[in-house]
Structures are given as structure tokens and as C-alpha cells.
Amino acid sequence: MKAGATFSEKVHAAASKIPLGKVATYGQLAALAGNPRAGRAVGMLMSKNRDANVVPCHRVVSSAGALTGYSMGKGVVTKMSKLKKEGVVFKGEKVDLAASLWKGN
DNA sequence: CGTATGACTAGCT
DNA sequence: CAGCTAGCCATAC
């Protein structure tokens, strides 16, 4: 990890680390970035879409596995579609964290 | 530099 | 079980 890397840099690195067919929560990424309480900041970075084509931000969901936000396509619809396509297990409108939560790190 | 905002989370009612 | 409030954080304006 690069010292002096800004929060967004760390978040991008962690998000890029998420394997296919798996998802991570905002809080988890925030924790990997060094701040377990910065879940809001993580989501904000994604909303700004600075990494839309650099990081698989669609693999990031809320702590409950619910698909939140997504500033591209049809929003959560497109997000869910991509995740399903990648092999993520869905439970209704939410992700089955018990089966698809990334335990990386 | 100070204020406002948002794709969060946990706790309480 | 569902809805609302309060707390925390980094970025944008």
C-alpha cells in the first residue's frame, strides 16, 4: 500500500481487488481503506463516478446486501443485472451476503 | 477556509 | 418487521 495515498486511492485499490462473483460492503471497503466508519465517503466517491470504468463499483453493496445508488444505466437495475451476470447470488432484490460476500483481505 | 451533501451503518421506536 | 434518528467521514462547491 502506498503511503500518502489518499482515501479514494485506497478505496479504488480495495474495490479493484474484489473477485468476480463476489461483492463487498461500503463499510468493508472503508475498513480496507483505513476507516471503517467512512462508508459514506466511499459511496460518495462512487457517486462521483471517478472510477466507473476503472473500478467495479457495481460490486459494492450496502451492509444488508441491498443494492444502493449506481449512477449509470438504469441505476440499481443495471447494477443488479451486472452482478447476476458475474455470478453473484441474489436473494430477491438483495445480494445473498452469506454466499457472495467477499471475505478478501 | 467553511458549509453542505451523500451510493453508509447501527441503534431505537 | 419496518421506519426514523443520530453519528461519522471524505469530497465538492
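Proteins come first, then strands; the chains are lettered A, B, ... in the order of their sequence lines, and each starts at number 1.
Under a 4.5 Å side-chain heavy-atom cut-off, the cluster of Ile, Leu, Val, Met, Phe, Trp and Tyr residues that includes A:V54 is completed by A:V55. Think of A:V77 as one node in a network of Ile, Leu, Val, Met, Phe, Trp and Tyr side chains linked at under 4.5 Å; its network also takes in A:V23, A:V61, A:L67, A:V76, A:M80, A:L83, A:V88, A:F90, A:V95, A:L97, A:L101. Chaining together hydrophobic side chains whose heavy atoms lie under 4.5 Å apart places A:M72 alongside A:Y70.
Partners of A:T6 under the side-chain contact (heavy atoms from CB on, under 4.5 Å) rule, at least two apart in sequence or in another chain, are A:S8, A:E9. With sequence neighbours excluded, the residues satisfying side-chain contact (heavy atoms from CB on, under 4.5 Å) with A:A14 are A:L29, A:L32. Residues passing the side chain to side chain donor-acceptor pair (under 3.5 Å) test with A:T68 are A:Y26, sequence neighbours excluded.
Here salt bridge (charged side-chain N to carboxylate O under 4.0 Å, His left out) pairs that include residues 25-36 of chain A, with residues two or more places apart or in two chains, number zero. Listed by first then second residue, pairs satisfying salt bridge (charged side-chain N to carboxylate O under 4.0 Å, His left out) with a partner in residues 92-105 of chain A number zero, not counting sequence neighbours.
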Subject >> Contact pattern, 5' to 3', of nucleotides 5-13 of chain B - B, S or - by protein heavy atom under 4.0 Å >> reply: BBBBSS---
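Contacts with DNA chain B (heavy atom under 4.0 Å) in residues 85-103 of chain A: none are found.
Contacts between chain A and DNA chain C, taken as any atom within less than 4.0 angstrom of a protein heavy atom, begin and end at C:dG7 to C:dA12.
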Name the atoms and distances for all side-chain donor-acceptor pairs under 3.5 Å in residues 35-45 of chain A, with sequence neighbours left out.
none

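One hydrophobic cluster, built from ILVMFWY side chains closer than 4.5 Å, holds both A:F7 and A:V60.
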